[in-house]
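See below for the structure under consideration.
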Amino acid sequence: MTETQRAVTKAVIPAAGLGTRFLPATKAMPKEMLPIVDKPAIQYVVEEAASAGLGDVLIITGRNKDNLVNHFDSVPELEYSLERKGDEGKLGKVHESSELAEVYFLRQGQPLGLGHAVGRARGHVGYESFAVLLGDDLIDARDPLLDRMIAEHDSRGATVIALMEVPQESIHLYGCAAVEATDDADVVRITGLVEKPAAAEAPSNLAVIGRYVLRPEIFDILDELPPGRGGEIQLTDALHQLAEGKGEAPVYGVIFRGRRYDTGDRADWIKANVLLGVDHDELGGEITDWVIGFADQLRARREG
Ligand code: G1P
């Protein structure tokens, strides 16, 4: 399939969560605007969509999201002032986020769950397959995942979700997949899904991470779906129905073995800043030297 024939061109990014894990930082600011090094988390996600060839991005927002919308717009007064100073470098940084993709916004309306947020995209997406990228999951750009998922969707004609092996004690934080092997070690056929199971009830150690390539049949299922875990309409439950054969096509999982950061979790957010900081073009050298020196100090403190 050539680039112009690709079936998947749109990305949907649900960003209507309340961000309670990050209070008080998220009291008046959406969690998606928390910076990782020098860019808000949501910009990395839009960059990921754009670099997978998805030039049409719909962000589903909630209340309190005005500065998220502003981030993808131009800022004439700031641009004018940087132009006058001839500061091309900073001007480039201002332009970056507004030139990545065509970014559209839609309010979720009621906070009824991830499945509901995705269902709201129906009018924008139409009868096409599309990708969903969750803002809390940051996939390191050096370990591309979405391209591979889109290729599997195109060749198998199937719904494709991303999975990652996690320790048993963490599985209750994720959707969890029951799977069958295929002849590709990185691809499994999904036979069932359960949202945030207790470790003892988890069908595997394969967690759903926040990347999905969905066929439009998901919308009819979401429309009919009763609330699930936590009283919310769960995307995982809709995918379970497809995995059980209630749709026209099966569900496959691509097992991701690269670097992923859960930026909605405070400790992981700090780690992501350090990990991306040491590899940053301008700051990497300074941060690396500091981290090494600081690690020595910590070790001495622990031993002394
Ligand atoms: C959501 C999904 C869950 C998935 C997770 C990945 O949960 O419902 O199935 O494993 O994202 O980050 P949330 O973390 O929004 O509660």
Side-chain angles (χ1 to χ4, degrees), residues 11-23 26 30-32 34 36 41-42 44-45 48 59-62 108 111-121 131-140 145-146 149 159-179 188 190 192-199 201-214 218 221-222 225-243 251-256 258-269 271-272:
V12 173
I13 305 180
L18 297 175
T20 52
R21 286 191 287 173
F22 242 110
L23 284 169
T26 49
K31 63 177 171 174
E32 294 80 7
L34 286 168
I36 317 278
I42 186 97
Y44 290 88
V45 180
E48 182 190 339
I59 303 182
I60 314 281
T61 66
Q108 186 179 356
L112 299 179
L114 177 60
H116 175 257
V118 172
R120 295 274 293 138
V132 171
L133 293 82
L134 303 190
D136 281 355
D137 287 288
L138 205 149
I139 302 294
D140 197 305
L145 166 65
L146 204 50
M149 293 175 68
T159 294
V160 178
I161 66 176
L163 299 173
M164 192 164 175
E165 289 178 14
V166 301
Q168 206 193 7
E169 64 270 20
S170 304
I171 198 74
H172 70 280
L173 300 170
Y174 298 95
C176 177
V179 302
V188 286
I190 313 272
L193 285 154
V194 43
E195 179 69 3
K196 304 199 172 102
E201 273 124 50
S204 73
N205 67 341
L206 290 170
V208 178
I209 55 171
R211 299 292 178 274
Y212 310 79
V213 180
L214 302 175
I218 196 82
I221 295 180
L222 287 170
L225 203 62
R229 188 164 181 92
E232 296 191 345
I233 297 174
Q234 297 288 355
L235 182 58
T236 303
D237 294 345
L239 290 162
H240 175 71
Q241 293 199 12
L242 291 178
V251 184
Y252 284 87
V254 169
I255 300 176
F256 181 62
R259 286 160 284 189
R260 163 194 174 262
Y261 318 106
D262 176 2
T263 56
D265 175 80
R266 288 171 301 171
D268 244 33
W269 176 81
K271 292 179 203 167

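Whatever order the structure lists ligands and atoms in, that order sets their numbers, starting from 1.
Residues passing the salt bridge (charged side-chain N to carboxylate O under 4.0 Å, His left out) test with Asp136 are Arg21, Lys31, sequence neighbours excluded. In this view, Arg211 and Glu48 satisfy the salt bridge (charged side-chain N to carboxylate O under 4.0 Å, His left out) rule, not counting sequence neighbours. The ring-ring contact (aromatic ring centres under 6.0 Å, His included) test applied to Phe22 returns Trp269, not counting sequence neighbours.
Between the side chain of Asp140 and the backbone N or O of Arg259, no donor-acceptor pair lies under 3.5 Å. In this structure, the side chain of Tyr174 does not engage the main chain of Met164 through any donor-acceptor pair within 3.5 Å. Thr26 places a side-chain N or O within donor-acceptor distance of the main-chain N or O of Gly19, the cut-off being under 3.5 Å.
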Measure from every N or O atom of ligand 1 to the protein's N or O atoms and keep only the pairs below 3.5 Å, writing each with atom names and distance to 0.1 Å.
from, atom 1, to, atom 2, distance (Å)
ligand 1, 7 (O), Lys196, NZ, 3.3
ligand 1, 8 (O), Glu195, OE1, 3.4
ligand 1, 8 (O), Glu195, OE2, 2.7
ligand 1, 9 (O), Gly175, N, 3.1
ligand 1, 9 (O), Glu195, OE1, 2.7
ligand 1, 9 (O), Thr236, OG1, 3.2
ligand 1, 10 (O), Gly175, N, 2.9
ligand 1, 10 (O), Val208, O, 2.6
ligand 1, 12 (O), Asp137, OD2, 2.8
ligand 1, 16 (O), Lys196, NZ, 2.5

